[in-house]
Amino acid sequence: MLKNIWYCIKKTSEWYFALLVLYIILTLVNATIPILSAFLPKLVIEKLTLGSDIKGLIGTIMVFMGSIAVLTGVSKFLTKYLYFEKFSINVHYLKLVANKGLTTDYINQENGIFRKLQEESFLCCNGHSPLTQVYDVLQSLGTSVLGIAVFSAVLYKLNVAVILFIVVTTAVSFYLNKRVVKWTDEHSKERMSYVQRLNYINAISGDARSAKDIRLYPMAKWFSDIYTDNMKGIAAWYHKLTKKLFSVTACDGALGLLREGIIYLYLIYLFMNGQISVADFVLYFGVVTGFSAWLSEIFAEVSVLNQLSTKINRFREYLDFPEEYLREGGLHPNQDKLPKVIELKNVSFRYEENQPYVLENFNLAINPGEHLAVVGLNGAGKTTLVKLICGLIDPTEGQVLYDGKSIAEYDRVELYRMYSAVFQQFSIMPVTVEEIVAEAPATQVDSERVKKCLELAGMWERIQKLPNKLQSQFGRTIYEDGVEFSGGETQKLLLARAMYKSSPIMLLDEPTAALDPIAESEIYHKYNQISEGKTTVFISHRLASTNFCNRIILIEDGAICEEGTHRELLDKKGKYYNLFEMQAKYYREEEVVE
Ligand code: ADP
């Protein structure tokens, strides 16, 4: 906990040192107000009973009241000011989370644990985040500690046993309350499961995509029953909590009554015996109440800090999530733009330890300038192979060599410059069309090159028809008048982007799956022209589209099961032939039906 508090303080002092100073001032101010308020009645009574002159009395009251008024004003102002100012720190934390997500080893983004930590870390920086809540709790804790130090000194003069008595009874109260908190924590999963189911049904009841299924398969009644069951479940859960809260509150109240009752009786006894004056009686009266209130706060605040610390631990675990890939200090690939030999040597890969291998003892050499096609059924491991080739993921066993050296030895950022790719799962940012193709801000875009690439990808005419042409904004998520493209058009745009990057190695993972056969054939024709001299790895499940490749490998069960040119593989009459025939038959039958 202390380490996490120190972490938050250190970060804040880097970003906004004045915030810490203001919190310290607020702590001092908040501790001084109740101390002054406790001493004022004693002083007034003393002056009255000792027959002090009226001017002196009014002067003392004015000084005290004036100070309390000014300090209260300062406290209110600082509390409001800091309430809003502390949120500015969240932006700094958010930037750390986003940066980690953007630059972390790619494999981390496929790791369930990392993704969960990432989600929690984003939540950690929103609104009342634990990272900024720490200041408020520390400020209250500081106030309580300062106050209790002064009040302890006062009570020490009275009787040490009084302090011990208050500490013990307050600790018992705290323990009782803590049991309710513990019960809530232990049973929060049960509550969450009800809430999640209710939220799920709420969400799909207004979801247009689910609306068809809900009606055609009569699911409304089924969902309605689930809703009722979960509502009953959540009501029963809160009923149990309320019962617990009631009994704890009753015990807590009785304990408070007992504590203060006994001490007040003791004070009355001392007063009756002439051991304390009226002024002291009034002072102790206030101090006892204040002491136990501050003590409860200290217990509560330490407990809150503990809870916050658990969340901050997860946040820091995310930021410190291990990075295995080399960056600075790694080898730089030769940027002479000539394709290099890429070799997979005895490569085995699995996504998680307890999962089967996707590729096992896999060997493949891709020659410079070669156009290699990778075919196979869904789930055969084609995309995994492409990710291994470009170093997005590292083999579990074996090596991937780039120009004879393991890619683990390269600066990964530099290595990625050598590849341009079109993946099945793609992301297009909501920026202008030319910025999408160039993957760079407008000031760095070579518009002529963008135009050439869009022409080659067969997308130029479509862009020309847009009102703002290359400057049209993509997507409706941010821009109301943003343009949307069909699946096929998007793939053309992605192809243009891959061409613009002009890297020596092209990786195309089903880049034409959403195109009709005519557009597909046109693109391959053009692609063949521009990819002259480039190494290309091309994935497809449509075997006919691999014609233009120099070599085809068929993957099955994590290994290469057939290899050769399209003609050689057909002549072999093996698995490739069978697959090809199956697909061809499908098309032929379609022709017959037409
Ligand atoms: P293909 O591209 O041939 O369809 P993939 O390489 O995408 O096949 O997937 C190969 C196997 O690896 C599949 O069984 C798939 O479920 C699994 N797989 C793919 N990505 C992940 C991942 N991130 N985590 C766990 N398993 C994965």
Side-chain angles (χ1 to χ4, degrees), residues 100-119 318 321-325 342 344 346-364 366 371-398 400 407 412 416 419-427 487 491 494-495 498 505-515 520 536-546 549 551-563 569 574-576 578-580 582-583:
K100 176 77 180 182
L102 287 171
T103 57
T104 191
D105 293 354
Y106 172 78
I107 189 69
N108 289 343
Q109 288 290 7
E110 297 220 8
N111 178 320
I113 299 169
F114 180 84
R115 294 191 67 82
K116 179 100 185 69
L117 283 173
Q118 189 171 40
E119 202 183 308
Y318 166 75
F321 206 87
E323 303 289 348
E324 306 283 340
Y325 301 173
I342 300 163
L344 278 82
N346 303 324
V347 166
S348 296
F349 179 83
R350 59 181 168 191
Y351 282 94
E352 266 155 52
E353 242 175 55
N354 50 1
Q355 284 184 357
Y357 282 103
V358 177
L359 298 175
E360 215 167 352
N361 214 12
F362 199 94
N363 288 291
L364 173 71
I366 308 166
H371 289 183
L372 176 80
V374 182
V375 297
L377 296 177
N378 274 344
K382 304 183 293 294
T383 303
T384 306
L385 174 64
V386 167
K387 289 192 280 190
L388 281 162
I389 289 172
C390 64
L392 282 175
I393 53 178
D394 277 352
T396 316
E397 282 151 39
V400 179
I407 56 171
R412 212 52 79 102
Y416 292 152
Y419 298 88
S420 40
V422 178
F423 285 105
Q424 277 176 30
Q425 289 170 330
F426 51 82
S427 73
Q491 284 196 321
L494 293 173
L495 267 174
I505 304 153
M506 280 265 209
L507 305 171
L508 305 167
D509 186 355
E510 304 262 12
T512 55
L515 297 184
E520 186 184 38
T536 306
V537 179
F538 170 74
I539 291 183
S540 180
H541 67 272
R542 261 189 243 169
L543 303 193
S545 63
T546 54
C549 294
R551 181 164 54 130
I552 298 166
I553 57 170
L554 174 66
I555 304 187
E556 197 181 76
D557 295 332
I560 299 175
C561 78
E562 279 179 22
E563 186 171 356
L569 289 172
K575 286 189 172 154
Y576 182 89
N578 289 339
L579 265 174
F580 183 79
M582 243 155 45
Q583 289 185 353

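First listed ligand is number 1; within each ligand, the first listed atom is number 1.
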Engineer: Between Val358 and ligand 1, does any nitrogen or oxygen pair lie at a separation below 3.5 Å?
Structural biologist: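 No, since none of the N or O atoms of Val358 sits under 3.5 Å from an N or O of ligand 1.
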Engineer: Got the closest protein heavy atom to atom 7 (O) of ligand 1, with its distance?
Structural biologist: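 For atom 7 (O) of ligand 1, the nearest protein heavy atom comes out as Thr383 CB, 3.7 Å.
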Engineer: Using side-chain heavy atoms (C-beta onward) and a distance below 4.5 Å, is Lys100 in contact with Gln118?
Structural biologist: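 SC-SC contact between Lys100 and Gln118 ruled out.
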Engineer: Below 4.0 angstrom from a heavy atom of Asn378, which ligand 1 atoms are there? Numbered from 1 as shown, please.
Structural biologist: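 Here the atoms of ligand 1 in question are 4 (O).
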Engineer: Under 4.0 Å between a Lys/Arg side-chain N and an Asp/Glu carboxylate O for Arg350 and Glu397?
Structural biologist: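 Salt bridge flag = no for Glu397 with Arg350.
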Engineer: To the nearest 0.5 Å, what is the distance between CD1 (Ile389) and CG (Leu364)?
Structural biologist: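 Rounded to the nearest 0.5 Å, the CD1-CG separation comes to 6.0 Å.
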Engineer: Below 4.5 Å, heavy atoms only, C-beta onward: do Ile342 and Tyr419 meet side chain to side chain?
Structural biologist: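 Yes, close enough: below the 4.5 Å cut-off.
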Engineer: Evaluating non-hydrogen atoms only, which member of Gly376, Gly379, Gly112 is closest to atom 10 (C) of ligand 1?
Structural biologist: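 Selected option, by shortest heavy-atom distance: Gly379.
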Engineer: Just jot down the ligand 1 atoms closer than 4.0 angstrom to any heavy atom of Leu377, in number order.
Structural biologist: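 Here the atoms of ligand 1 in question are 3 (O).
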Engineer: At under 4.0 Å between heavy atoms, is it the side chain or the backbone of Glu352 that contacts ligand 1, or both, or neither?
Structural biologist: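 For Glu352, there is no contact with ligand 1 at all, from either part.
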Engineer: Considering only heavy atoms from C-beta outward, does the side chain of Lys382 approach that of Asp509 to under 4.5 Å?
Structural biologist: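 They are not in side-chain contact.
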Engineer: With a cut-off of 6.0 Å (strictly less than), are more than 12 heavy atoms of other residues, nucleotides or ligands near CG of Asp557?
Structural biologist: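 No - once you tally the heavy atoms of other residues, nucleotides and ligands closer than 6.0 Å, there are 12 at most.
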Engineer: Indicate whether atom 16 (O) of ligand 1 is within a distance of less than 4.0 angstrom of some protein heavy atom.
Structural biologist: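 No, because not a single protein heavy atom sits under 4.0 Å from atom 16 (O) of ligand 1.
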Engineer: Any carboxylate oxygen within less than 4.0 angstrom of a Lys/Arg side-chain nitrogen, looking at Arg412 and Asp394?
Structural biologist: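 Looking at Arg412 and Asp394, the cut-off is met.
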Engineer: Ligand 1 and Lys387, any nitrogen or oxygen pair closer than 3.5 angstrom?
Structural biologist: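 No; every N/O pair is 3.5 Å or more apart.
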Engineer: What residue and atom, counting heavy atoms only, is the protein's closest point to atom 18 (N) of ligand 1, and at what distance?
Structural biologist: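 For atom 18 (N) of ligand 1, the nearest protein heavy atom comes out as Tyr351 CE1, 3.4 Å.
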Engineer: For the residue pair Pro395 and Val400, what are the closest heavy atoms and their distance?
Structural biologist: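 In terms of heavy atoms, the two residues are closest at CG-CG2, 3.8 Å.
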Engineer: Find all atoms of ligand 1 within a distance of less than 4.0 Å from any non-hydrogen atom belonging to Thr384, and give their numbers and elements.
Structural biologist: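 It comes down to these atoms of ligand 1: 5 (P), 6 (O), 9 (O), 10 (C).
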Engineer: Considering the heavy atoms of Glu110, write down every atom of ligand 1 situated less than 4.0 Å from one of them.
Structural biologist: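 Once the distances to Glu110 are compared, the set is 22 (C), 23 (N).
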Engineer: With heavy-atom distances below 4.0 Å as the criterion, list the atoms of ligand 1 near Lys382.
Structural biologist: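 The atoms of ligand 1 under 4.0 Å from a heavy atom of Lys382 are 1 (P), 2 (O), 3 (O), 4 (O), 6 (O), 8 (O).
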Engineer: Nearest protein heavy atom to atom 27 (C) of ligand 1: under 4.0 Å?
Structural biologist: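 Protein heavy atom within 4.0 Å of atom 27 (C) of ligand 1: present.
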Engineer: Would you mind listing which atoms of ligand 1 come within a distance below 4.0 Å of any non-hydrogen atom of Gln355?
Structural biologist: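 Every atom of ligand 1 under 4.0 Å from some heavy atom of Gln355: 25 (C), 26 (N).
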Engineer: Nearest 0.5 Å please: distance from the CG atom of Leu554 over to the CG atom of Asn578.
Structural biologist: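 Between atom CG of Leu554 and atom CG of Asn578 there are 10.5 Å.
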